[in-house]
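Notes to accompany the following structure.
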Number of protein chains: 2
Amino acid sequence: MDLWVTEYQTPSLGFSCKISETLRVEQTKYQHLAVVNTDQFGKMLLLDGMIQTTEVDEFVYHEMITMVAINSHPNPKNVLIIGGGDGGTLREVVHHPLVENGTLVEIDDRVIQASKDFFPQLSLSFNNPKANVIVDDGIKFVKQHKDKFDVVIIDSTEPVGPAIQLFSKEFYTDVYNCLKADGIIIAQSESPFFNKDVIKMAYSGINNVFNTTKLYLASIPTYPSGLWSFTIGSKKHDPEKVVFSGDLDLKYYTSAIHQAAFMLPNFVKNIIT
Amino acid sequence: MDLWVTEYQTPSLGFSCKISETLRVEQTKYQHLAVVNTDQFGKMLLLDGMIQTTEVDEFVYHEMITMVAINSHPNPKNVLIIGGGDGGTLREVVHHPLVENGTLVEIDDRVIQASKDFFPQLSLSFNNPKANVIVDDGIKFVKQHKDKFDVVIIDSTEPVGPAIQLFSKEFYTDVYNCLKADGIIIAQSESPFFNKDVIKMAYSGINNVFNTTKLYLASIPTYPSGLWSFTIGSKKHDPEKVVFSGDLDLKYYTSAIHQAAFMLPNFVKNIIT
């Protein structure tokens, strides 16, 4: 008997992976959580039926949500991650030589636990001396901190349910205020093929608050359409300019990719203009 | 009752689209052909169960297999397309103001017929004055022509069955000989996530024959992994340099995308080095 897991990426599009093992299924306080072992992508974490990360392709998302913002900031000492309980973004943040502190604020401790139990390559930085892992509501957390962080990374789930607030103007204003005077916000903003409304919402929301707002892209096979967008807002520095010159030895990101990722196809430009 | 069509992109990965209508199913002399109407991507052409093109995302593949080669050639008057019976590549070729003749050589006339019957946006150029549509074996055709074309586009199916010859060194040598002294070859070469062997085969095969060989990428949601590669070989001109300065008014391609597409993630660079 073959077992498969299917994510309905849209009501009329199914993405199905053959699985060898179901490792965890639970209803947490916040969401339905599953960990399966797939033949194609290795271990896979799903929240509310949506693929969050897999062993095989997680590197793209985690490198690209982290390094573009950090490498366009000359002094990215203090970095805050909202969400990202699997730890992959935190791993990239603390890997960066200029970062002194990486603070992760995840609302659902069961996501952190699932990562510790099944994803050693993602959870390896939870105990890093630079890391500070907090189980709390990120929306509340940013309201409580002012003028503190250099970079804030919004590593959220899709904007349905409680996560919708992570795409609101009020939240972006609170993030603005918790950033220092030359701070940068970066948020995942879904697929330009399937989620044009999400991109418009993130882009206009951030653009209302920050001086410079730009969109960039990366290719992630297990996310709907395989093409993913990130919206970056900056108080002062140009997000397209790479100011870090060291070698990070990554699998996707390079300084050339940093700049190329901002070159948008016309149909993507049209979403934000 | 919901009807769905599933492409098994690999033995352990299924890509399923809800369909409203099956428009054609037939066994041609060369392959199994199907046309269905999907909710997500509009009309879809499948050959041997593999998605070839859809109304919604065909623009990416057809623009990107055509414009990078043509716009790096200063005088792309005569263009040959091997395969591409749906007509989408031909549409882009004859759309270009510097192209005087676009010759399409497709082995399976039933693909051409399916396009005429169901894909008006793809087949609209079959009767263009610049177009020359030939039903014949492309491998035989390139052997019979010497020093004739400026650009040759290999718009093939996957390298299984007869199409495997379109990835052979003998074929690339024949293409080299049918090109003029400053000619360019461009071939689709599959997904860097799933088909590393195909990329190695196309890249090393073309690199053995042409002076300059490069790989570039584009995002195509209905192709496996959503990220697709193209291998370009040139006798003289630098494929990364855009020499055409006009406005082509396309949906994906821009001159900035032309250059950005050659910026490869490290894991892709590693395939070809």
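In what follows, every chain begins at residue 1, and chains take the letters A, B, ... in the order their sequences are listed.
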Relative to chain B, which of [options] shows the most heavy atom pairs under 4.5 Å?
| options | result |
| --- | --- |
| A/Pro192, A/Ala260, A/Gly14 | A/Gly14 |
| A/Cys17, A/Pro221, A/Gly226 | A/Pro221 |
| A/Ile19, A/Ile220, A/Leu250 | A/Leu250 |

Handout entry: Beyond-backbone contact of A/Val56 with B/Phe193, side-chain heavy atoms, under 4.5 angstrom
Key =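 Answer no - side chains too far apart.
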
Handout entry: Taking every non-hydrogen atom, the tightest pair across B/Ile257 and A/Pro265
Key =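 Looking at all heavy atoms of both residues, the closest pair is CD1-N, 3.5 Å.
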
Which bit of [X] is near chain A, if near means a heavy-atom gap under 4.5 Å: side chain, backbone, both or neither?
| X | answer |
| --- | --- |
| B/Phe262 | neither |
| B/Leu264 | backbone |
| B/Val60 | side chain |

Completion exercise
Pair count under 4.5 Å, heavy atoms only, with chain A: among B/Ala256, B/Pro224, B/Ala218, highest is B/Ala256

Exercise for the section: List for me each residue that meets ring pair (Phe, Tyr, Trp, His ring centres under 6.0 Å) alongside B/Phe118, sequence neighbours excluded, and say none if there are none. Expected result: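 Ring pair (Phe, Tyr, Trp, His ring centres under 6.0 Å) check on B/Phe118 returns nothing, list empty.
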
Practice task
Apply ring pair (Phe, Tyr, Trp, His ring centres under 6.0 Å) to A/Phe167 and list each qualifying residue two or more places apart in sequence or on a separate chain.
Solution key: none

Can you pull out all donor-acceptor pairs below 3.5 Å that join chain A and chain B?
| from | atom 1 | to | atom 2 | distance (Å) |
| --- | --- | --- | --- | --- |
| A/Thr10 | OG1 | B/Gln40 | OE1 | 2.4 |
| A/Ser12 | O | B/Lys18 | N | 3.1 |
| A/Ser12 | OG | B/Gln40 | OE1 | 3.2 |
| A/Gly14 | N | B/Ser16 | O | 2.8 |
| A/Gly14 | O | B/Ser16 | N | 2.9 |
| A/Ser16 | N | B/Gly14 | O | 2.9 |
| A/Ser16 | O | B/Gly14 | N | 2.8 |
| A/Lys18 | N | B/Ser12 | O | 3.1 |
| A/Gln40 | OE1 | B/Thr10 | OG1 | 2.4 |
| A/Gln40 | OE1 | B/Ser12 | OG | 3.2 |
| A/Leu250 | O | B/Asn266 | ND2 | 2.9 |
| A/Lys251 | O | B/Asn266 | N | 3.3 |
| A/Lys251 | O | B/Phe267 | N | 2.7 |
| A/Asn266 | N | B/Lys251 | O | 3.3 |
| A/Asn266 | ND2 | B/Leu250 | O | 2.9 |
| A/Phe267 | N | B/Lys251 | O | 2.7 |

Practice task
List for me each residue that meets side chain to side chain contact (heavy atoms under 4.5 Å, CB included) alongside A/Pro11, sequence neighbours excluded, and say none if there are none.
Solution key: none

